[in-house]
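Please read the structure below before turning to the comments.
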Amino acid sequence: MKKLRFLLEKEFKQIFRDKSIVAMIFVLPIMQLGILPIAMDFEVKQVNIVIIDNDHSPLSSKLINKIGASGYFKLLAYEPSFRQGLEYLKSSEADIVLEIPNSFEKNLIKENAAKVNLTVDAINGTKSSMGSSYLTSVIADFNNNIQIFQNKNIVQPVIINIENSTWFNPYANYSWFIVPGILAFLLTIFAGSISATNIVREKEMGTIEQINVSPIKKWQFLLGKLIPFWVMGMIILTIGLLVGIIFYKIRPIGSIPMMYALSGIYLIALLGFGLFIATISNNQLQAMFISFFFIMIFALMSGLFTSIESMPEWARIISHSLPITYFIKALRMIILKGSSFADIQYIFVILIGYAIGLNGLAILNYRKTT
Amino acid sequence: MNSLVLNNITKTFDKGSVLAVDNVSFSVKEGELFGLIGPDGAGKTTIFRILSTLMLPDKGNASVLGYDVVKDYKKIRNLVGYMPGRFSLYQDLSVKENLQFFATLFGKSIEKNYDIIKDIYEQIKPFSNRRAGKLSGGMKQKLALSCALIHKPKILFLDEPTTGVDVVSRFEFWEILKKLKSQGITILVSTAYMDEAMKCERIALIQKGKMLGLDTPQKIIESYPMKLYGAKADDIYSLLKDLRNYDQVESCYPFGEWLHVTIKNPNADGLEVLKTFPNSSTHQNLEVKIIEPGIEDNFIRLMNTSDNSRDNN
């Protein structure tokens, strides 16, 4: 026990002497969580639009006013011809070109139907689809008002009125969705790469040989490595939660001790993963590349940004074989939904399985190579 | 009593394609200062790694202080001090912290075992709060030795301890080894420097994983089978070429400012042969003399004969 205590003491000394690691512990969660979710927002706020009004009627200018007043669009220019309008699209200045045809008002009043031409730049898929659907809904709304404006007898064909109510995230705020996810991801990057590179560094320096020729036991050495990183992971989690509360007003609804217990288990699993990488690499560069390879898969397949349910079948299988998928899910459930232990019991079981499996694999492989 | 016994140790790398140690056997007596002498890549480090239980031999067996390196590796680890060739202490820990760390690894304390490292550690004590990475080469070496000694090992393995260390520090280092030996510690040391071989009690010459010879340095020198001559002239390179082409000359190689030459006919007067070889008149200031062979001459000779016998097979 005295040996283990001394190993820990040495490891903490080394960590706190490395200024870049200390900076990472504090700067990583504050920077990544404080700034990135604000920038990462799928809500499209400013769609640049160019309008070609061939009708020049009171109704067409009413439509244009309505579009301008919706707040989502920035009127870039009025152009006399479609061809000139298209130039804006080609140079990527505009996202949408709306052309109102010649007899827009006449057709609308006479035949109760009129067509407009919507041309959308689809390179940025999200922006174009969101933009055109906003515009369509603005026009649909305009349509309804037209009928009222004409004082016709309205026969409502649809009587089902849909009212949305968003639960657990009442303002449908994207940052509420993404902040717990990024926090989970930060812990993953930290735990997955630091244990790998740190142990490989001992290999590179040759100090691991000095330890191997000493009577110290393997479990003592490994615990001496894992405990300090586990503690640092918990510090990052705490700072991350504080950033969520201070910056985004995301106050975890669920049980905080349960969240820490879950994160603790997840950290053990990921540290074991890093340890495994350390046993198969010979230098820090290799270890870095291997852990980045997996971290990239973790980021894209874990449901961090996208919904797992909309993935193709094979991708869903991969997604469900990654520990981070379960961790992100559980973290969101606890923080946003206030889920109870019964709700996430199965996630506890799965993560404990990963923790045992990954660490077991690492220890087996560590024995083999030395 | 033997502290160290190796029997037919063989080790290969890359699935047998690289032969690092080839059927090596030797033993080291208790309290002996034993040297492994050989150029880089001779297999010295591999032998150290096998003896310090970091690596398993493919064939053969070895014992350290009576314990088998494979079966009783745990016992060996408590009794052996290993200092690898590369400086491998924690660069970001201070001198004192490194020493403390290695003492604790073995469950010992600096205070209790201070007497054994006193002479060495006193020299680096003024820097005990300095980070190990910021020490000079010689001081790093002394720290590494202190760390290898702090648990009072019965036997010390030093893998090229003086490589990359200045002449004065090298001299000091060998003085320290003599002192440690007088305290009864068995020392196995490797080096590529032939002058250091003379300071060992017995040496083993190693080349390409094979052992070429084993004896006291004096006996190895005396075993040189023929007379050795030195020759030099103003144009030493053309003299080397001429002598190598001369059929009376058995071998000729440069050694400092002299060429070391042996003659095929053992009964001939070598000085006369060298003075009167066919092209001798073309060389300015030709000088010849009889030379006492050194370890290096023996090494080169053994190396050539082992290469020839290998070629003949």
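Labels below follow one simple rule: chain letters A, B, ... track the order of the sequence lines, proteins then strands, and each chain is numbered from 1.
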Does the B/Arg77 side chain pair with the main chain of A/Asn212, one donor and one acceptor, at a distance under 3.5 Å? yes
Qualifying residue for side chain to side chain donor-acceptor pair (under 3.5 Å) with B/Tyr90, from A/Lys13, A/Gln210, A/Glu202, A/Gln14: A/Glu202
Should the pair A/Arg201-B/Asp92 be classified as a salt bridge under the 4.0 Å nitrogen-to-oxygen rule? yes
Does the pair B/Glu97/A/Lys10 count as a salt bridge with the N-to-O cut at 4.0 Å? no
Picking from B/His151, B/Lys74, B/Gln100, which has the most non-hydrogen pairs under 4.5 angstrom with chain A? B/Gln100
Is the number of heavy atoms from other residues, nucleotides or ligands within 6.0 Å of [atom1] ([X]) greater than 12?
X: A/Phe292; atom1: CZ; answer: no
X: B/Lys154; atom1: NZ; answer: no
X: A/Phe289; atom1: CZ; answer: no
X: A/Met234; atom1: CE; answer: yes
X: B/Phe173; atom1: CZ; answer: yes
X: A/Trp230; atom1: CH2; answer: no

Are [X] and [Y] packed together at the side-chain level, in the sense that at least one heavy-atom pair is separated by less than 4.5 angstrom?
X: B/Val80; Y: A/Val213; answer: no
X: A/Thr207; Y: B/Phe101; answer: no
X: A/Ser214; Y: B/Phe102; answer: no

Below 4.5 Å from any heavy atom of chain B, which atoms of A/Ile211 appear? Answer side chain, backbone, both or neither. both
Does any heavy atom of chain A fall under 4.5 Å from the side chain of B/Tyr73, the backbone, both, or neither of them? neither
Does any backbone or side-chain atom of B/Thr104 lie under 4.5 Å from a heavy atom of chain A? Answer side chain, backbone, both or neither. both
Would you sort out whether B/Leu105 and A/Lys3 count as a side chain to side chain contact (heavy atoms under 4.5 Å, CB included), showing the intermediate values? CA-CA 6 Å; B/Leu105 277 191; A/Lys3 282 183 192 172; 5.9 Å; no
Nearest non-hydrogen partners of A/Met205 and B/Gln91, listed with the distance: CE-CG, 3.4 Å
Residues at least two apart in sequence or cross-chain that pass ring-ring contact (aromatic ring centres under 6.0 Å, His included) with A/Phe273, listed by chain then number, are A/Phe294, A/Phe298
